[in-house]
Amino acid sequence: MTRDASWQRAARQARLLSWLSLAYMAAEGAIAITAAVIAGSVALLGFGLDSAIEGLASVIIVWRFTGTRTLSETAEARAQKAVAVTFFLLAPYIAYDAAATLITRSHAETSWLGIGLSIASLIVMPALGVAKRRLGTRLGSAATAGERSQNLLCAYLAAGVLAGLLANTLLGWWWLDPVVALGIAGLAGREGIQAWHGEECGC
C-alpha cells in the first residue's frame with residue numbers, strides 16, 4: 001500500500017471520523033442511560049452501557065492514526081486485534097442482558113426519549129459505517145473496517161431496541177427486544193472472529 005499524500009489524507013479522515021463517532025457514542029450513552037432510568041428499561045440501559053464498549057473501537061483508531069503510528073504496520077496489526085477484542089467484550093454483555101430480561105420478564109414503560117435516540121442512531125451509525133468502509137479499503141486497514149462493523153452493529157442494536165420499545169408500547173410484546181438482542185450477540189461474536197483474522201466483516 002503506497003503511503004502517498006492521498007493515503008495520508010485518508011488516514012486523517014479516518015481519525016476525524018473516529019473522533020466524531022466517539023463524541024456521538026458519549027452522547028448516545030448518556031441519553032440512553034437517562035432514558036433507561038426514567039422508563040425502567042433494561043434494554044435501554046444495555047444500549048447505553050454498550051456505547052462505552054463501542055467507543056473503545058473509536059479510541060483505538062484514533063491511536064492507530066496518530067503520530068508515527070500512522071505509517072506503522074505494527075500499529076495496524078495491534079489495532080486490528082484490539083478492535084476484535086471490543087467485539088468479544090460486547091457479545092457476552094448483550095447476551096447476558098437479553099437473557100436476564102427474558103428470565104425476569106422485565107416490562108419497561110414507554111420511553112419516547114429512547115425511541116427518538118434509537119431512530120437517530122439508525123440514521124447516524126450506517127452513514128459513519130459506509131464512510132469508514134470506504135476509508136478502510138483505501139488505507140488497507142482491517143482495524144478501520146472493524147470499527148465500521150462496530151458502527152453497523154450499533155445500528156442493528158438500535159433497530160432491536162426501537163422494535164422492542166415500539167412493540168412493548170403498542171402491542172405489549174415485551175419479549176421481542178431481548179430476543180433480537182440475542183441474535184445481535186451472536187453476530188457480534190462472529191464479527192469479532194472475522195476482525196481478529198483481518199477478514200472483511202459481513203455486517
Side-chain angles (χ1 to χ4, degrees), residues 1-3 7-30 32-33 46-98 121 124-158 181 183-203:
M1 185 69 64
T2 303
R3 305 300 201 259
W7 188 94
Q8 295 196 38
R9 183 167 57 253
R12 289 193 296 270
Q13 291 172 349
R15 187 172 63 240
L16 176 60
L17 278 179
S18 293
W19 275 118
L20 291 174
S21 296
L22 186 59
Y24 183 85
M25 288 295 180
E28 179 187 74
I33 291 173
F47 186 51
L49 296 178
D50 152 72
S51 297
I53 296 176
E54 292 179 19
L56 287 176
S58 296
V59 172
I60 290 164
I61 298 303
V62 169
W63 173 86
R64 161 68 181 94
F65 289 111
T66 298
T68 58
R69 288 185 296 272
T70 300
L71 301 177
S72 170
E73 291 296 334
T74 301
E76 169 62 26
R78 289 175 178 172
Q80 172 193 324
K81 301 298 186 186
V83 169
V85 168
T86 66
F87 282 104
F88 298 139
L89 291 173
L90 186 57
Y93 177 80
I94 295 175
Y96 173 81
D97 185 59
S121 294
V124 173
M125 288 294 108
L128 287 172
V130 168
K132 289 173 184 176
R133 179 175 187 176
R134 188 179 302 114
L135 287 170
T137 300
R138 173 68 187 87
L139 295 166
S141 172
T144 302
E147 190 201 7
R148 163 254 181 186
S149 294
Q150 282 279 18
N151 293 149
L152 295 186
L153 194 63
C154 178
Y156 297 155
L157 188 57
I184 293 173
L187 178 62
R190 189 193 72 179
E191 297 302 336
I193 293 171
Q194 290 182 326
W196 184 268
H197 294 291
E199 300 173 6
E200 175 65 23
C201 296
C203 61

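Everything numeric in this text was worked out from a predicted model, so none of it was measured.
Legend: residues meeting side-chain contact (heavy atoms from CB on, under 4.5 Å) with A32, ordered by chain and number and at least two apart, are F47, L117. In this structure A185 satisfies the side-chain contact (heavy atoms from CB on, under 4.5 Å) test together with I94, A95, sequence neighbours excluded. Taking the side-chain contact (heavy atoms from CB on, under 4.5 Å) definition, one finds that V85 meets it with L89, W196, sequence neighbours left out.
Scanning both residues, S18 and V62, for their nearest heavy atoms gives CB-CG2, 3.7 Å. What you find for W7 and R138 is that their closest heavy atoms are N-NH2, 3.2 Å. Contact detail for G189 and F88: the closest heavy-atom pair is O-CE2, 4.0 Å. Nearest heavy atoms, I61 versus A14: CG2-O, 4.2 Å.
Residue pairs satisfying the side-chain hydrogen bond (donor to acceptor under 3.5 Å, both in side chains) criterion with at least one member in residues 8-17, sequence neighbours excluded, are absent.
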Using atom types as modelled, flag every donor-acceptor pair under 3.5 Å from a side chain in residues 20-29 to any protein atom, sequence neighbours excluded.
residue : atom : partner : partner atom : Å
S21     : OG   : L17     : O            : 3.0
S21     : OG   : K132    : NZ           : 2.4
Y24     : OH   : S121    : N            : 3.2
Y24     : OH   : S121    : OG           : 3.0
E28     : OE1  : S51     : OG           : 2.6
E28     : OE2  : S121    : OG           : 2.5

